[in-house]
Amino acid sequence: PIYRAWEDAGAFAPGRAGAKPFAIVIPPPNVTGSLHMGHALNNTLQDVLVRFERMRGRDVLWQPGTDHAGIATQMVVERQLMDRQEPGRRALGREKFIERVWQWKEESGNTIVGQLKRLGASCDWSRLRFTMDEGLSRAVRKVFVELHRAGLIYKDKRLVNWDPELLTAISDLEVEQTETKGHLWHLRYPIEGTAEFIIVATTRPETMLGDTAVAVHPDDERYKHLIGKNVILPLVGRRIPIVADEYSDPEKGTGAVKITPAHDFNDFEVGKRHALPMINILDQEAKLALEGNADFVRGVDPNPELDWTLQELHGVFRFAGRKMIVDRLEGMGLIEKIEAYTHAVPRGDRSGAVIEPFLTDQWYVDAKTLAVPAIDAVKRGRTVFVPKNWETTYFHWMENIQPWCISRQLWWGHQIPAWYGPDGKIFVAEEETDAGAAAEAHYGKAVTLKRDEDVLDTWFSSALWPFSTLGWPDKTPELARYYPTDVLITGFDIIFFWVARMMMMGMHVMEEVPFRDVYIHALVRDEKGQKMSKSKGNVIDPLELIDDYGADALRFTLAAMAAQGRDIKLATSRVEGYRNFATKLWNAARFSQMNECAPQAGFDPSKAKVTVNRWIAGESERALASITDALQAFRFNEAASAIYHFIWHVFCDWYLELIKPVLAGNDQEAIAETRAMTSWALDRALTLLHPFMPFVTEELWAKLASETEGRKSFLMLAPWPERQGLENAEADAEISWVIRLVSEVRSVRAEMNVPAAARVPLVISGASADTEARAKRHEGTLLRLARLETLSFGKPPQGAVQIVLDEATLALPLAGVIDVDAESKRLKREIDRLGSDIKAIDAKLANEQFVSRAPEHVVEEQRERRVEAEATAARLEQALKRLEAAV
RNA sequence: GGGCGGUUAGCUCAGCGGUAGAGCACUACGUUGACAUCGUAGGGGUCACUAGUUCGAUCCUAGUACCGCCCACCA
């Protein structure tokens, strides 16, 4: 209901004229996804910041949206079709299938938005965008065309990471290396015209069918004499050269390496250097493709083995083919040895299939060129990473960036705006009509064009997100006002996927960084330090936590744990603790209300007269300062703990307790002031807590004023307080003295097992007139909070237990109420401890270098501590004597 | 192989050149009119190890050990 009220009031919308803008774009979640812990953390931090800046008067735009998530979504829908035993993707055909995906998007597309709302995310939902909206699609096409025109997007035939399950190319970033136990086969290749063999080692013997050379190191004495000779490739009969290439490492394997340019990235480079043929021996599904393969038979001499190879191996899956080939070679005596071998196998991060380096035509972005200004922008501090050390990671990757393969053989996504003429000539244009016109001009007549079937990598559209969501390519007022955005908040796992690419696109298209700051937060991981995932079964569902403890508690926990480490291991007990915190606040508000503490127009906290009121004004000022500073520096955890400490341990524990005697008294003026101050301080607490716990604070904000004037507006739109210099040293000194005194007495009572119900008198002796007056002023408080019977001054009675506070001795006449043995033991222990403290301090003060080099206040502190310790020890000795005498 | 991070209370984690902190858990007492989803008090730490810098190191430097992440490569 609160969230709805905010929404209905348009509280999330930007547009404060005259205010400085503050813009943030959401990392778009998968449109058909569901809120997980990473989203919860990410969006909590954004919302904390957004609410903070909104309260500080900025014109805040939090731009929300969702991502079409090409592969992921397509896979989900395909799986759905399979589960429902409906016709699969190919049977449906492209158009029908895409329709189904859109249908699924409509069905599930609002789930994540609803979940973000439950979390309290104050995005401007009226501006919700989707990466495949018409506007954003137009931006994609325009950028594609412009980059193509600039030569920064091009089509190229080279090796890509091919996923033989999803039947698409993927980018380097989507490949994961997995350690796998396998074998290393040492194959004997016969050298032409001799009876000799050259032995090559390989983990993938089946690729030998596509070998077009054997490489040895030019300086390798073992093989020098073979350079320039040929090998007859077993089974195939192809004559292939032995070449010298520095790539070959004499230390590895046998020092001779087979070269398969069409199926290995390194071999591809070697192949180019030596102008070797590239023979593709696999089809898209990673089955051996030999029959009718013109490449394959090139350079093959008539060879009886060949027929066998072709017939048996054609159409066999790569791993089955491997076994057949190994068996055959073994039968021919061409296997030197087989070793057990652990090596990294590349797998697709979505499908898990072993990735095949595969020779195809794909579209590429010239990332190397685009990276230059993007690197420069960070080097010059136009964009700053927080924490800063992520810049190292960013630079390292950007400086070694490879061409970005952006075409995907999928159906769900932005179809590439390229059309092919009858002769294969490419026409790249934003619209089909433009391509048609260009083609007509080229051919001199109208021709039928065929559109490129591929779609773009999901991250291509994400890279445009900071400006495409603001209306680009149109020159919208939003674009002018909110670009560049202020801060991007995201996890480190997508620095390469997303942050780097936004930097590149932003610099190229907008000629300006997309954001001033990038706050990189930790990943919420499981206890093994791995990303949470459903398949591992150890996810904590944020929605369950919201159900159990409330969104406020979850948000506070996440903010409090957002320190700049790398992992967050979420403990439910922590969430529970912060739920209790919300309850505590609720109860404090109830107390306030019961005591008729209501906001008073025109109340000026700086004019307060009652000491405790002046003190709380100063304390809330300190809280304001530390929370503001922390949030400005993205130190969410510090801000969270500052407000927690202020509300619980300052406001509830002490202030509310200290004012009880005042409220119970009959000084009407003091009561009135205290009521006003309580309400003021509580309002202040709600305000400072609001970015973290928006729901409970907003609710209390409304409740606490309803009986009097009512609130004109939401807390979320209330101004963040300005500093007013409310600290008051005198009040601080006085209240902290009271707090210490109460704590001391409580501690002694507890330690000596004085029954809680037993009230005892307290005698203060040796105190200055000031201190006596001070104690007298707080008599009610002392009697109540320390559970004392009376307060008097003068000579301590015989048998009283003494404690020392500052210059005063406090005597509690406890003889008869307490366990004397235990107490005297305690005193002795205490005296011993003080003795060793004094020794340590003496040693320090005797050290000339300490005295001369340490900062003055540190030395002074030590001296004071020594004086105190000595005095305390002396008094404890006396107390001990008296205690013993009393028995 | 390159890079980055971690190691602090039983657990989950903050912090920091000047006597170690929070939440949870634990122990004892307590229902005093906001709050038992609570209060008060308490126990529990050679701040991983070694060497150095420093008057002083949990903190800075170098190294060691273990844990983890990212990138690259693997014949």
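All chains are named by letter (A, B, ...) in the order of the sequence lines, taking the proteins before the strands, and each is independently numbered beginning at 1.
Taking the C1' atom of each, U54(B) and C60(B) are spaced 9 Å apart, rounded to whole Å. The same atom, C1', is picked in C16(B) and in G3(B); the two are 27 Å apart, to the nearest Å. A distance of about 14 Å separates the C1' atoms of A9(B) and U46(B), rounded to the whole Å. For the P atoms, the distance linking G2(B) with G63(B) amounts to 13 Å, nearest Å. Comparing the same atom, P, in C29(B) and in G17(B) gives a spacing of 42 Å after rounding to whole Å. The P atoms of U8(B) and C4(B) are separated by 22 Å, rounded to the nearest whole Å. The separation of G44(B) from G10(B), taken at their P atoms, amounts to 11 Å, rounded to a whole angstrom. Between U58(B) and U53(B), the distance separating the two P atoms is 15 Å to the nearest Å.
Remark: P of C38(B) and CD1 of Ile647(A) are 15 Å apart, rounded to the nearest angstrom. What separates CZ of Phe591(A) from P of A34(B) is a distance of 6 Å, to the nearest Å. Atom CH2 of Trp397(A) is separated from atom P of C70(B) by 15 Å (rounded to the nearest Å). Rounded to whole angstrom, the span from the CG atom of Leu845(A) across to the P atom of G56(B) amounts to 15 Å. Distance, Phe395(A) CZ to G2(B) P: 22 Å, rounded to whole Å. Atom CE of Met561(A) is separated from atom P of G6(B) by 16 Å (rounded to the nearest Å). A straight line from CD of Glu744(A) to C1' of U40(B) spans 14 Å, rounded to a whole angstrom. With rounding to whole Å, Gln862(A) atom CD is found 14 Å from G56(B) atom P.
Ion pairing between a basic and an acidic side chain is recognised when a charged N comes within 4.0 Å of a carboxylate O; Lys703(A) and Glu699(A) show such pairing. Using a 4.0 Å cut-off between a side-chain N of Lys or Arg and a carboxylate O of Asp or Glu, Arg188(A) and Glu336(A) qualify as a salt bridge. In summary, Glu751(A) and Arg749(A) do not engage in a salt bridge, as defined by a charged side-chain N under 4.0 Å from a carboxylate O. Ion pairing between Glu744(A) and Arg740(A) fails under the 4.0 Å rule for side-chain N and carboxylate O. Checked for salt-bridge contact, Arg273(A) and Glu269(A) miss the test: no charged N lies under 4.0 Å from a carboxylate O.
Residue Thr203(A) is in sugar-phosphate contact alone, with no base atom involved, counting any heavy-atom pair closer than 4.0 Å across all strands shown. Nucleic acid contact for Phe581(A): none, since no nucleic acid atom lies under 4.0 Å from a heavy atom of the residue. Nucleic acid contact for Tyr341(A): sugar-phosphate only, since backbone atoms but no base atoms lie under 4.0 Å from a heavy atom of the residue. Across all strands, Tyr247(A) comes closer than 4.0 Å to base atoms (heavy-atom distances). Pro855(A) comes within contact range of at least one nucleobase, with a heavy-atom separation under 4.0 Å. Residue contacts for Val858(A): at a heavy-atom cut-off of 4.0 Å it reaches a base atom on one of the strands shown. Across all strands, His649(A) comes closer than 4.0 Å only to sugar-phosphate atoms, never to a base (heavy-atom distances). Among the heavy atoms of the strands, none lies under 4.0 Å from Asp837(A). Using a 4.0 Å heavy-atom cutoff across all strands shown, Glu339(A) reaches no nucleic acid atom at all. If you check every strand for non-hydrogen atoms under 4.0 Å, Ser248(A) touches a base.
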side-chain contact (heavy atoms from CB on, under 4.5 Å), that's the test. Do Phe556(A) and Ile643(A) meet it? Break it down for me. CA-CA 11 Å; Phe556(A) 202 92; Ile643(A) 186 62; 3.9 Å; yes
Quick one: do Leu554(A) and Tyr549(A) satisfy side-chain contact (heavy atoms from CB on, under 4.5 Å)? Show the steps, please. CA-CA 7 Å; Leu554(A) 175 63; Tyr549(A) 304 105; over 6 Å; no
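Applying the Watson-Crick and G-U wobble criteria (two distances, each under 3.5 Å), A28(B) pairs with U40(B). Under the Watson-Crick or G-U wobble criterion, with both distances below 3.5 Å, A48(B) is paired with U64(B). Here U19(B) sits opposite no nucleotide as a Watson-Crick or G-U wobble pair (both hydrogen-bonding atom distances under 3.5 Å). Remark: A9(B) base-pairs with no nucleotide; criterion is Watson-Crick or G-U wobble with both hydrogen-bond distances under 3.5 Å. Both distances falling under 3.5 Å, in either a Watson-Crick or a G-U wobble arrangement, occur for no nucleotide opposite G56(B).
Closest approach to the Ser747(A) side chain among U40(B), A14(B), G42(B) is made by G42(B) (side chain taken as heavy atoms from C-beta onward). Comparing G18(B), A34(B), A41(B) by their closest approach to the side chain of Ala750(A) singles out A41(B). Nearest nucleotide to the side chain of Val257(A), out of A34(B), A75(B), G18(B): A75(B). For Phe496(A), the side-chain atoms get nearest to C71(B) when compared with the rest of G3(B), G18(B), C71(B).
Shown are Phe395(A), Phe492(A), Phe385(A), Trp397(A); of these, the ring-ring contact (aromatic ring centres under 6.0 Å, His included) with Trp390(A) is made only by Phe492(A).
Between Asn389(A) and G5(B), a side-chain N or O to OP1/OP2 separation shorter than 4.0 Å is present. Look at Lys584(A) and you'll find a side-chain N or O under 4.0 angstrom from OP1 or OP2 of G39(B). For the OP1/OP2 pair of A34(B) and a distance below 4.0 Å, the side-chain nitrogens and oxygens of Lys660(A) include at least one atom meeting the criterion. In this structure, Trp648(A) reaches the G39(B) phosphate: one of its side-chain N or O atoms is under 4.0 Å from OP1 or OP2. Residue Asn580(A) places at least one side-chain N or O under 4.0 Å from the OP1 or OP2 atom of C38(B).
In the interface, the side chain of Glu657(A) is paired with the base of A34(B) through a donor and an acceptor atom under 3.5 Å apart. Residue-to-nucleotide contacts include no donor-acceptor pair under 3.5 Å from the side chain of Arg746(A) to the base of U40(B). Residue side chain Arg787(A) reaches the base of U32(B) through a donor-acceptor N/O pair under 3.5 Å, judged by distance alone. One can find a donor-acceptor pair under 3.5 Å joining the base of U19(B) and the side-chain atoms of Arg865(A).
Comparing Val754(A) and Leu184(A) along RNA chain B, the residue whose closest nucleotide (by nearest heavy atom) sits nearer the 5' end is Val754(A).
Aromatic ring centres of Tyr578(A) and Tyr644(A) lie closer together than 6.0 Å.
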